[in-house]
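Quick notes on the structure that follows.
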There are 2 protein chains.
Amino acid sequence: MSEQRFHHIGMFDSGIGGLTVMQQVMHVLPYESIIYFGDTARLPYGNKSQETVERYSIENTIFLLEKRIKLLVVACNTASAYAIDKLRHTFNIPIIDVIKPGAEKAVQMTRSGCIAVLGTKGTIQSKAYQTSITRLLPEAEIFPIACPLFVPLVEEYLIDHPAARLIVKDYLTPLKTTKVDTVILGCTHYPFLKNLIQEELQSDICFVDPAATCAEQVATTLKQHHLHTSQTKPNYSYYVSDDPDKFTEIAAKLFQQRIDCSKID
Amino acid sequence: MSEQRFHHIGMFDSGIGGLTVMQQVMHVLPYESIIYFGDTARLPYGNKSQETVERYSIENTIFLLEKRIKLLVVACNTASAYAIDKLRHTFNIPIIDVIKPGAEKAVQMTRSGCIAVLGTKGTIQSKAYQTSITRLLPEAEIFPIACPLFVPLVEEYLIDHPAARLIVKDYLTPLKTTKVDTVILGCTHYPFLKNLIQEELQSDICFVDPAATCAEQVATTLKQHHLHTSQTKPNYSYYVSDDPDKFTEIAAKLFQQRIDCSKID
C-alpha cells in the first residue's frame with residue numbers, strides 16, 4: 001500500500017467549532033487535504049464525563065482512520081483535555097491537540113504571569129490547560145473559569161445580545177481584581193464572543209486562540225514525519241453525525257462559507 | 001411467564017427534565033413502580049434531527065423493555081413530537097406521550113382560542129402540538145415559539161438571572177400583540193422558568209404543564225389495559241447513560257430530592 005493513499009489530515013470536533021481550527025490549518029498548509037468530522041448527533045461534549053468523551057473520541061478517530069488519514073487533529077478542547085492520552089495510547093498516528101499549543105502561546109505572551117483559561121466544564125475540570133501551563137511556567141498564576149453558556153449563545157448566534165453581555169460579565173467577575181493579562185479562549189466557539197469579553201475586561205488583554213498555534217504544530221509535525229503532501233490541489237471533505245443542512249446553515253452564518261457535508265450513520 | 005413480572009412503568013427523557021413527569025405520575029399513581037432513564041450521554045434532543053431522535057428513542061425503549069416494563073411514557077417533548085409514531089409502530093406496548101395530553105388541556109383552558117406553544121426547535125418544527133390542537137379545536141389560533149436557550153439556562157440553574165429575563169423577553173415578544181390566554185410549556189425544563197415567563201406576559205395567562213395531564217392519561221391507560229398494580233410498595237429506579245453524579249446533583253437543586261442512579265453503557 002503506497003503512502004500516497006494516506007494523504008489527508010483528519011480532524012474532529014463535537015460540532016462546528018472546530019472549523020476555526022480547520023481554517024487556520026488551511027491557511028498555514030494550503031496544499032494539504034483535510035477531512036473534517038463534526039459529531040453533531042452527540043454534541044455538546046463540554047458537560048459530559050471523561051469516560052464518555054474518551055469513548056466518542058475513539059469512535060470518531062476510527063471513522064477518520066477508515067478514511068486513511070495520515071495525521072489527526074483533535075480540534076475540540078474538551079476532547080483534547082479528556083481524551084488525548086487515551087487516543088495517543090490507542091492509535092499509531094501523529095495526534096495534535098489544541099491544549100498544548102494554546103498553553104505554549106499563553107506562556108509566551110504573558111508579562112504578569114497571570115493567565116485566565118476560559119473553557120467548558122469538562123476542559124476546566126480536567127485541569128489540562130492548568131497542567132500544561134504550569135509545566136512551562138511553574139510560577140504562573142492561573143484563573144480557570146468554566147463558561148457553560150457560551151456555546152449555546154454562539155450556536156444561537158446571540159453574540160451581540162444584551163443577555164450574552166450579562167453572562168460574559170458574570171463569568172468574568174472573578175478576573176476583575178487580578179493581574180491577568182492573557183486570556184486563553186479554550187473552546188472553539190469562544191472567539192466569536194471575543195469582542196464582548198474584551199469590552200468586559202476593558203484593558204490591553206492578550207487573547208490566545210489555540211487554533212493558530214495548533215496549525216503551526218500540525219505543519220511542524222508533518223515535516224518531522226515526512227508526511228507533507230506532494231500534491232498541489234487540496235481536497236476538503238466534511239462529515240457530520242446529524243443534520244448536515246443545519247451544519248451548512250450555521251457554517252454560513254459563522255464563517256460566511258458554503259460547506260456541503262455528508263451524514264454518516 | 002406471569003404478568004406480574006412486567007410490573008414497572010418505564011419512562012425516558014433526554015436528561016433530567018422528565019423527572020417533572022415522573023413526579024406527577026408518582027402523585028397520581030402512588031403504588032406504581034417506575035423505571036426512569038435519562039439519556040445524558042446524548043442530550044440535548046431539542047436541536048437534533050427527527051431521524052436521530054427516532055433512533056435514540058427506539059434504543060431507549062429497547063433498554064426499558066429489557067427491564068420488563070408494562071407501559072412506556074415518553075417524558076421528553078422532542079421525542080414525543082418526533083418519534084411517537086415510530087415507537088407505536090415498532091413496539092407492542094401502550095405508549096403515552098406528553099404532546100397529546102398537553103394539547104387537550106390547552107384546548108380545555110383557552111377562552112380566546114389563542115394558544116402559545118413554547119418548545120425546543122425540534123418540537124416546534126415537528127408541528128406536533130399545532131396538529132394536535134387543530135384536531136381538537138380547528139379554529140384555534142396557535143403561536144409556536146422555539147426557545148432553544150431555555151434548557152441551558154435551567155441546566156445552569158440561572159432561572160432568576162437577569163440574562164434569563166432578557167432571553168425570555170426576546171422570545172416572547174411576538175406574543176405581546178396577540179390574544180393568547182394559554183401557554184403550553186412544551187419542554188420539561190420550562191416550568192422552572194414559569195415565573196419569568198409570567199412576569200413578562202403580565203396578564204392572567206393560563207399555563208399548561210403537560211406533565212400533570214400526561215399522568216392522568218397514564219392512569220386511564222393502565223386501567224383500560226388492566227395493568228394497574230396489585231402491589232402496595234412502589235419501587236423507583238433511575239438510570240442514565242452518562243455521569244450519574246451530575247444527575248444526582250442537578251436533581252437535588254431542581255427537585256430538592258436525593259436520587260441515586262446507575263450508569264448504563
Side-chain angles (χ1 to χ4, degrees), chain A residues 14-16 38-56 59 82 120-122 125 146-171 173 189 196 240-247 249-250 263-265, chain B residues 14-16 38-56 59 82 120-122 125 146-171 173 189 196 240-247 249-250 263-265:
Chain A
S14 61
I16 204 159
D39 191 9
T40 48
R42 305 190 288 196
L43 65 79
Y45 285 4
N47 292 330
K48 287 170 188 157
S49 71
Q50 176 159 18
E51 190 186 345
T52 293
V53 173
E54 278 180 353
R55 180 160 61 84
Y56 291 170
E59 289 167 1
Y82 269 154
T120 65
K121 282 187 184 170
Q125 274 168 20
C147 308
L149 273 166
F150 281 5
V151 170
L153 285 168
V154 173
E155 292 271 344
E156 292 308 317
Y157 207 63
L158 297 179
I159 56 181
D160 289 323
H161 195 281
R165 195 176 295 271
L166 287 178
I167 287 165
V168 166
K169 194 180 176 69
D170 231 36
Y171 285 156
T173 301
H189 282 77
L196 282 191
V240 290
S241 47
D242 190 33
D243 214 340
D245 293 342
K246 192 181 162 199
F247 191 88
E249 185 194 319
I250 306 183
K263 182 177 173 296
I264 65 156
D265 288 327
Chain B
S14 61
I16 204 159
D39 191 10
T40 50
R42 305 189 288 194
L43 65 78
Y45 285 5
N47 292 331
K48 288 168 188 157
S49 71
Q50 175 158 18
E51 190 187 344
T52 294
V53 172
E54 278 181 350
R55 180 161 60 84
Y56 291 171
E59 289 168 0
Y82 268 155
T120 64
K121 282 187 184 171
Q125 274 168 20
C147 308
L149 273 165
F150 281 4
V151 169
L153 285 168
V154 172
E155 293 271 343
E156 292 308 317
Y157 207 63
L158 297 180
I159 56 182
D160 289 323
H161 195 281
R165 194 175 297 270
L166 287 177
I167 287 164
V168 167
K169 195 181 176 69
D170 233 35
Y171 285 157
T173 301
H189 282 77
L196 283 191
V240 289
S241 47
D242 190 33
D243 213 340
D245 293 342
K246 193 181 162 201
F247 190 89
E249 187 193 317
I250 306 183
K263 181 176 171 300
I264 65 156
D265 286 327

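All chains are named by letter (A, B, ...) in the order of the sequence lines, taking the proteins before the strands, and each is independently numbered beginning at 1.
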**Message:** Which residue is it: Thr40(B), Asp243(B), Asp242(B)? I am looking for the one with a side chain to side chain donor-acceptor pair (under 3.5 Å) to Ser49(A).
**Reply:** Asp242(B)
**Request:** Give the minimum heavy-atom separation between Ser241(A) and Thr52(B), together with the two atoms involved.
**Result:** O-OG1, 4.3 Å
**Request:** Look at Lys246(B), Arg55(B), Gln50(B), Arg165(B) and state which one has the largest set of heavy-atom pairs under 4.5 Å with chain A.
**Result:** Lys246(B)
**Smallest separation among heavy atoms of Asp170(A) and His161(B), with atom names** = OD2-NE2, 2.9 Å
**Message:** For Lys169(B), is the NZ atom crowded, meaning more than 12 foreign heavy atoms sit under 6.0 Å from it?
**Reply:** no
**Fill in**
Smallest heavy-atom separation, Ala163(B) atom then Ile167(A) atom, equals CB-CG1, 3.5 Å
**Item:** Toward chain A, the part of Glu51(B) with a non-hydrogen atom under 4.5 Å
**Value:** side chain
**Neighbourhood of chain B inside residues 149-156 of chain A, taking heavy atoms under 4.5 Å as contact** = Leu149(A), Pro152(A), Leu153(A), Glu156(A)
**Asked** What part of Asp245(A) lies closer than 4.5 angstrom to a heavy atom of chain B: side chain, backbone, both or neither?
**Response** neither
**Prompt:** Heavy-atom distance under 4.5 Å to chain B: side chain of Tyr45(A), backbone, both or neither?
**Reply:** neither
**Lys263(A), part contacting chain B, at a heavy-atom distance under 4.5 Å** = side chain
**Short side-chain to backbone donor-acceptor contact, Lys48(A) and Leu43(B), under 3.5 Å** = yes
